[in-house]
Amino acid sequence: MTMNVELLSLIERKAGKSIETLQSETFSEHRSEAEAKHRKPMRVTRLFPFIGRGSVMGDFLLSHSEINKQFDHAIR
């Protein structure tokens with residue numbers, strides 16, 4: 001799906017970053033930046049099934065490092 005130029009410029013203006021920068025950052029980087037800015041942990045709220053598809057696995061979200069650690073442990 002292609003977004004129109006007006007929407008992309010609005011996203012860039014609101015985020016204060018270019019689209020390329022936003023796309024290259026991971027969710028963990030976004031979260032770390034938000035936590036540093038607001039000085040408190042970020043909470044991910046899901047309203048499943050009321051809004052969108054949501055994530056039914058929300059209680060099992062893991063960081064990249066935790067996934068890599070578990071993967072390394074599993075393949076040994």
Side-chain angles (χ1 to χ4, degrees):
M1 179 175 86
T2 316
M3 292 191 207
N4 69 28
V5 177
E6 290 178 24
L7 178 58
L8 292 175
S9 63
L10 176 65
I11 292 169
E12 288 178 335
R13 193 171 66 238
K14 293 289 185 179
K17 297 180 180 180
S18 70
I19 293 297
E20 293 80 22
T21 303
L22 292 170
Q23 289 176 335
S24 67
E25 292 178 341
T26 64
F27 181 74
S28 295
E29 292 169 337
H30 287 291
R31 183 183 63 214
S32 297
E33 185 177 317
E35 288 176 349
K37 180 179 179 182
H38 297 289
R39 298 184 185 146
K40 61 182 180 181
M42 183 175 160
R43 290 182 8 190
V44 177
T45 304
R46 66 185 182 282
L47 302 172
F48 179 80
F50 304 108
I51 297 175
R53 294 187 324 202
S55 172
V56 295
M57 299 295 287
D59 294 338
F60 303 102
L61 292 177
L62 300 173
S63 67
H64 287 285
S65 60
E66 181 62 28
I67 291 169
N68 288 336
K69 188 169 88 175
Q70 288 186 16
F71 178 76
D72 291 340
H73 179 74
I75 62 172
R76 287 185 185 167

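One-based numbering along the sequence shown.
Both Ile19 and Leu7 belong to a common hydrophobic cluster when Ile, Leu, Val, Met, Phe, Trp and Tyr are linked at side-chain heavy-atom distances under 4.5 angstrom.
For Met42 against Glu35, the heavy-atom pair with the smallest separation is N-OE2, 3.0 Å.
Distance check: Ser65 OG to Gln70 CD gives 10.0 Å after rounding to the nearest 0.5 Å. Here NZ of Lys17 is found 6.0 Å from NE2 of His30. Values are rounded to the nearest 0.5 Å. Distance check: Asn4 CG to Ser9 OG gives 8.0 Å after rounding to the nearest 0.5 Å.
For Glu66, the salt bridge (Lys or Arg N to Asp or Glu O under 4.0 Å) partners two or more places apart in sequence, or in a different chain, are Lys69.
Proximity of Glu12 to Leu22: side-chain heavy atoms (C-beta onward) are nowhere separated by under 4.5 Å.
With hydrogens and angles disregarded, a donor-acceptor distance shorter than 3.5 Å links the side chain of Glu29 to the backbone of Thr26.
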